Participant: 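I have a structure I would like to understand better, so I am pasting it below and will then ask my questions one at a time.
The structure displayed is predicted, hence computed values, not measured ones.
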Amino acid sequence: LGAYCWSCSYTILSDEFLSEVSSNSVTSVCFSGSFDKKGGSMISKKDEQKLKEKSLTPEQLAEIFEDTSDTLTTKYRGLDAQVCKDLGVRWKYDDNGKVSEMWFPAYINENGDKKITGYKIRKLPKEFRSIGYVGKCNLMGGQSDYVADTLIVVSGEVDLVTAMKALQNDINGSGKYKSVSYNVVTPLLGEPHIADDLKANYEWVDKHKKIIVCVDNDKAGQDALEDVKKVLPSEKTYIVSLQHKDLNQYIDPRYNNGDRM
């Protein structure tokens with residue numbers, strides 16, 4: 001590397017490094033994790049500029065906090081209200097008190113703290129949009145600096161909440177994961193971007209002793225899985241085979257028939 005700021009992760013690449021990875025068009029990187037072990041998946045100066053231009057201002061955040069709720073007050077797909085609050089998820093409701101929108105925060109690391117740059121918004125039943133900056137510079141959903149024994153990779157924000165609650169139940173009970181530490185992450189840009197996110201954060205990802213991948217049980221999920229297999233070390237990667245279409249259906253009362261995760 002030519003230069004690296006440990007505070008903000010701003011990086012200037014040396015000529016030698018650029019020559020090695022054949023990326024002479026890239027001159028700087030703003031990244032949530034780092035480049036991968038092969039020097040790939042770096043974030044360009046154009047991505048940095050988008051981050052600067054589109055990130056939510058304090059005034060915009062204040063308006064969002066006023067217009068949305070930080071509390072899940074009704075039943076929605078079996079999700080746990082406290083896990084959602086811990087993740088910073090916000091909600092909008094219709095006139096009947098039912099969930100109309102789920103707002104999932106997008107973070108970056110700034111001076112050692114997590115800063116919200118935007119929100120990925122799911123308008124029910126399944127219409128997506130974003131506000132502010134949601135992109136390549138962000139951390140994966142659920143990601144932190146903490147390195148656990150096990151990393152679990154899931155396909156979406158709803159599956160992230162599902163997995164985190166299931167693991168909490170197991171750890172607080174007498175389940176087999178009681179003595180295991182874990183992280184659960186998901187791509188913010190959709191299932192096809194799982195492999196790219198893992199590449200961009202490979203240094204952090206590879207520090208985990210075990211990596212469990214749980215994609216949706218459909219064609220899109222299986223396509224994403226093939227890309228993921230090319231990124232992760234096979235000797236410590238485990239693939240989950242689902243009976244349901246996705247992880248959330250194990251707790252969603254519309255689909256669950258007593259199946260255990």
Side-chain angles (χ1 to χ4, degrees), residues 5 7-10 29-33 43-146 154-165 184-191 193 196-197 200-201 248:
C5 174
S7 174
C8 68
S9 297
Y10 185 84
V29 183
C30 164
F31 50 96
S32 56
I43 296 169
S44 69
K45 198 167 185 177
K46 183 177 180 180
D47 293 309
E48 284 187 293
Q49 190 61 33
K50 287 181 180 179
L51 173 65
K52 293 176 183 178
E53 293 175 353
K54 299 182 68 175
S55 289
L56 294 172
T57 65
E59 293 77 18
Q60 289 173 318
L61 279 171
E63 185 176 342
I64 289 170
F65 292 165
E66 184 175 346
D67 292 342
T68 61
S69 171
D70 67 349
T71 304
L72 179 60
T73 59
T74 187
K75 293 180 179 180
Y76 175 61
R77 299 184 64 168
L79 298 187
D80 183 80
Q82 188 57 53
V83 171
C84 291
K85 180 171 285 192
D86 292 343
L87 287 168
V89 181
R90 304 191 70 86
W91 306 90
K92 280 191 174 184
Y93 299 95
D94 62 21
D95 293 339
N96 297 316
K98 294 182 178 180
V99 171
S100 61
E101 293 183 351
M102 177 182 183
W103 291 49
F104 195 91
Y107 293 100
I108 59 168
N109 272 329
E110 184 173 87
N111 300 323
D113 295 322
K114 291 175 71 174
K115 174 187 175 183
I116 297 175
T117 63
Y119 282 89
K120 178 181 178 180
I121 304 168
R122 180 188 188 119
K123 183 177 180 180
L124 272 59
K126 200 172 183 179
E127 178 183 323
F128 295 98
R129 71 182 193 279
S130 63
I131 185 171
Y133 177 83
V134 180
K136 295 179 181 179
C137 291
N138 289 124
L139 298 166
M140 290 181 284
Q143 185 179 355
S144 69
D145 291 334
Y146 173 67
V154 298
S155 289
E157 297 78 30
V158 170
D159 288 342
L160 174 68
V161 177
T162 300
M164 290 183 68
K165 181 57 180 177
V184 187
V185 295
T186 191
L188 294 181
L189 297 178
E191 197 170 42
H193 292 269
D196 288 340
D197 278 6
N201 295 277
N248 176 250

Participant: What's the spacing between N248 CG and L79 CG if we round to 0.5 Å?
Facilitator: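 Result: 5.5 Å between the selected atoms.
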
Participant: Counting distance only, does the side-chain N/O of S69 pair as donor-acceptor with the main-chain N or O of W91 below 3.5 Å?
Facilitator: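 Such a contact is absent between S69 side chain and W91 backbone.
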
Participant: Tell me, with the steps shown, if Y76 and C84 meet side chain to side chain contact (heavy atoms under 4.5 Å, CB included).
Facilitator: CA-CA 11 Å; Y76 175 61; C84 291; over 6 Å; no

Participant: As an exercise, state the distance from OG1 of T71 to CD of Q82, rounded to the nearest 0.5 Å.
Facilitator: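 So the OG1 of T71 and the CD of Q82 are separated by 8.5 Å.
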
Participant: Using the salt bridge (Lys or Arg N to Asp or Glu O under 4.0 Å) rule, collect all pairs that involve residues 86-99, keeping only residues at least two apart or in two chains.
Facilitator: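 Sorted pair list comes back empty.
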
Participant: Can you tell me if CD on E63 sees more than 12 non-hydrogen neighbours from other groups inside 6.0 Å?
Facilitator: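 Open: at most 12 neighbouring heavy atoms sit under 6.0 Å from CD of E63.
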
Participant: Holding to side chain to side chain donor-acceptor pair (under 3.5 Å), I want the full list of residues that pass it with T73, two or more places apart in sequence or in another chain.
Facilitator: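 With sequence neighbours excluded, T73 shows a side chain to side chain donor-acceptor pair (under 3.5 Å) to Y93, given in chain and number order.
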
Participant: Less than 4.5 Å apart, any side-chain heavy atom of N109 and any of K114?
Facilitator: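 Yes - at least one pair of side-chain heavy atoms lies under 4.5 Å apart.
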
Participant: Given I108, which of I116, D113, N138 fulfils the side chain to side chain contact (heavy atoms under 4.5 Å, CB included) condition?
Facilitator: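 Answer to the side chain to side chain contact (heavy atoms under 4.5 Å, CB included) test with I108 among I116, D113, N138: N138.
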
Participant: With a 4.0 Å cut-off, would you call E157 and K120 a salt bridge?
Facilitator: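 Salt bridge present between E157 and K120.
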
Participant: State, to 0.1 Å, how close P187 and V154 come at their nearest heavy-atom pair, and which atoms those are.
Facilitator: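 Heavy-atom minimum between the residues: CD-O, 3.4 Å.
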
Participant: Rounded to the nearest 0.5 Å, what separation is found between the CG atom of L139 and the CG atom of N201?
Facilitator: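 These two atoms lie 7.0 Å from each other.
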
Participant: Do any pairs count as a salt bridge (Lys or Arg N to Asp or Glu O under 4.0 Å) and have a residue in residues 125-134, sequence neighbours left out, and if so which ones?
Facilitator: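 Salt bridge (Lys or Arg N to Asp or Glu O under 4.0 Å) check on residues 125-134 returns E101-R129.
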
Participant: What is the distance from atom CD of Q143 to atom OG1 of T186, rounded to the nearest 0.5 Å?
Facilitator: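 Taking CD in Q143 and OG1 in T186, the distance rounds to 11.5 Å.
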
Participant: How many angstroms lie between OG1 in T117 and CD1 in I131, if you round to the nearest 0.5 Å?
Facilitator: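 Taking OG1 in T117 and CD1 in I131, the distance rounds to 11.5 Å.
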
Participant: Looking at side-chain heavy atoms only, is the closest gap between V185 and L160 below 4.5 Å?
Facilitator: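 No; the side chains remain at least 4.5 Å from each other.
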
Participant: Any side-chain donor-acceptor pair under 3.5 Å between T162 and D159?
Facilitator: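 No, no side-chain donor-acceptor contact under 3.5 Å.
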
Participant: Looking at K45, K46, E53, which hits side-chain hydrogen bond (donor to acceptor under 3.5 Å, both in side chains) with Q49?
Facilitator: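 Considering K45, K46, E53, a side-chain hydrogen bond (donor to acceptor under 3.5 Å, both in side chains) with Q49 is found only for E53.
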
Participant: Within the structure provided, determine whether L87 and V161 are in side-chain contact (heavy-atom separation under 4.5 Å).
Facilitator: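 L87 vs V161: side chains touch.
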
Participant: Going from OH on Y119 to CE on M102, what distance comes out if it is rounded to the nearest 0.5 angstrom?
Facilitator: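 Y119 atom OH to M102 atom CE measures 12.0 Å (nearest 0.5 Å).
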
Participant: Within a 6.0 Å radius of atom NZ on K50, are there more than 12 heavy atoms belonging to other residues, nucleotides or ligands?
Facilitator: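 For K50, atom NZ is not crowded (no more than 12 foreign heavy atoms under 6.0 Å).
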
